[in-house]
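One structure is given here, and the rest of the page talks about it.
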Amino acid sequence: QVRLVESGGGLVQAGGSLRLSCAASGRTTSSMSMAWFRQAPGKEREFVAGISGSGGALYYSDSVKGRFTGSRDNAKNTLFLQMDSLKAEDTAVYYCAARRFYYATDDLLDYDYWGQGTQVTVSS
């Protein structure tokens with residue numbers, strides 16, 4: 001089993017920045033890809049960013065490309081999401097996810113493990 005715990009969410013003004021973290025524990029390996037998803041009230045959970053097992057391959061949704069940056073530190077079993085130039089429409093609960101395959105995908109059904117989520121609220 002793998003346990004994922006997100007942190008770093010909060011309230012920020014539009015144009016500001018936040019950095020989310022996701023600490024992984026349990027049977028984690030560097031061959032596992034990880035991703036960030038988000039879910040706004042009344043909307044479906046959507047893909048934000050994905051990162052391969054080594055961190056060498058990164059994928060972003062069009063809505064965050066150029067503003068968000070994903071990274072991981074496998075020595076510390078931690079995933080990060082640096083969010084800059086935040087907009088009101090980025091307001092959502094952000095979830096960390098992991099799958100036992102090297103490359104990330106944008107389909108939430110492909111992921112085996114999920115965190116409990118962290119709230120990000122951007123005021124306009």
Side-chain angles (χ1 to χ4, degrees):
Q1 276 286 21
V2 174
R3 182 170 182 245
L4 304 174
V5 179
E6 302 95 334
S7 61
L11 174 64
V12 63
Q13 289 188 332
S17 298
L18 279 175
R19 189 189 196 210
L20 304 184
S21 298
C22 172
S25 61
R27 299 184 64 182
T28 61
T29 72
S30 59
S31 64
M32 296 179 68
S33 58
M34 300 185 76
W36 291 97
F37 287 78
R38 67 186 181 186
Q39 188 165 18
K43 295 188 177 181
E44 294 185 350
R45 192 169 299 189
E46 65 174 3
F47 172 80
V48 174
I51 189 166
S52 63
S54 67
L58 289 155
Y59 318 92
Y60 300 97
S61 67
D62 289 341
S63 61
V64 307
K65 198 172 296 182
R67 301 188 297 121
F68 290 11
T69 303
S71 62
R72 65 189 291 170
D73 183 341
N74 284 340
K76 297 182 178 179
N77 290 329
T78 305
L79 176 72
F80 302 99
L81 184 68
Q82 177 66 40
M83 305 187 295
D84 298 318
S85 302
L86 283 161
K87 305 176 181 179
E89 50 263 44
D90 293 319
T91 295
V93 176
Y94 283 70
Y95 297 90
C96 170
R99 66 191 297 258
R100 292 196 176 277
F101 290 90
Y102 185 79
Y103 288 105
T105 73
D106 61 2
D107 187 343
L108 61 89
L109 295 179
D110 290 337
Y111 289 83
D112 305 301
Y113 306 101
W114 291 86
Q116 83 290 346
T118 185
Q119 176 71 47
V120 171
T121 303
V122 184
S123 63
S124 56

Subject >> Verify same cluster id: Y59, F68 (apolar side-chain graph, 4.5 Å) >> reply: no
Original post:
Hey, does the side chain of Q116 reach the backbone of V5 with a donor-acceptor pair shorter than 3.5 angstrom?
Top reply: no
Residues 16-27, side-chain donor-acceptor partners within the protein, below 3.5 Å, at least two apart:
from: S17; atom 1: OG; to: D84; atom 2: OD1; distance (Å): 2.7

**OP:** Look at the side chain of Y60 and the backbone N and O of G70, then say whether any donor-acceptor pair between them is shorter than 3.5 Å.
**Re:** yes
Subject >> Any donor-acceptor N/O pair, R72 side chain to K76 backbone, under 3.5 Å >> reply: no
**OP:** Flag yes if more than 12 heavy atoms outside F80 fall under 6.0 Å of its CZ atom; otherwise flag no.
**Re:** yes
**OP:** Using the rule that two of Ile, Leu, Val, Met, Phe, Trp, Tyr join whenever any of their side-chain heavy atoms come within less than 4.5 Å, decide whether L4 and I51 are in one cluster.
**Re:** yes
Original post:
Are Y103 and L109 in one and the same hydrophobic cluster, where Ile, Leu, Val, Met, Phe, Trp and Tyr link if side-chain heavy atoms are under 4.5 Å apart?
Top reply: yes
Return all side-chain donor-acceptor pairs below 3.5 angstrom for residues 117-124, not counting sequence neighbours, or 'none' if the list is empty.
from: T118; atom 1: OG1; to: G9; atom 2: N; distance (Å): 3.2
from: Q119; atom 1: NE2; to: A92; atom 2: O; distance (Å): 3.4
from: Q119; atom 1: NE2; to: T121; atom 2: OG1; distance (Å): 3.3

Original post:
Can you tell me if Y102 and S54 form a side-chain donor-acceptor pair at under 3.5 Å?
Top reply: yes
Original post:
Looking only at atom types and distance, does a side-chain atom of Y111 sit under 3.5 Å from a main-chain N or O of T105, one as donor and one as acceptor?
Top reply: yes
Subject >> Result of checking E6, E46, E89, E44 against R38 for salt bridge (charged side-chain N to carboxylate O under 4.0 Å, His left out) >> reply: E46
Original post:
Do NZ/NE/NH1/NH2 and the carboxylate oxygens of K87 and D90 come within less than 4.0 Å?
Top reply: no
Original post:
So which heavy atom on L79 is nearest to which on S71, and how close?
Top reply: CD1-O, 3.4 Å
Original post:
Looking only at heavy atoms, what is the nearest atom pair of Y95 and G115, with distance?
Top reply: CD2-O, 3.6 Å
Original post:
How many angstroms lie between CG in D112 and CD in Q1, if you round to the nearest 0.5 Å?
Top reply: 9.5 Å
Subject >> side chain to side chain donor-acceptor pair (under 3.5 Å) involving S61 - partner list, sequence neighbours excluded >> reply: S63
Original post:
Going from CG on N77 to CZ on R3, what distance comes out if it is rounded to the nearest 0.5 angstrom?
Top reply: 13.5 Å
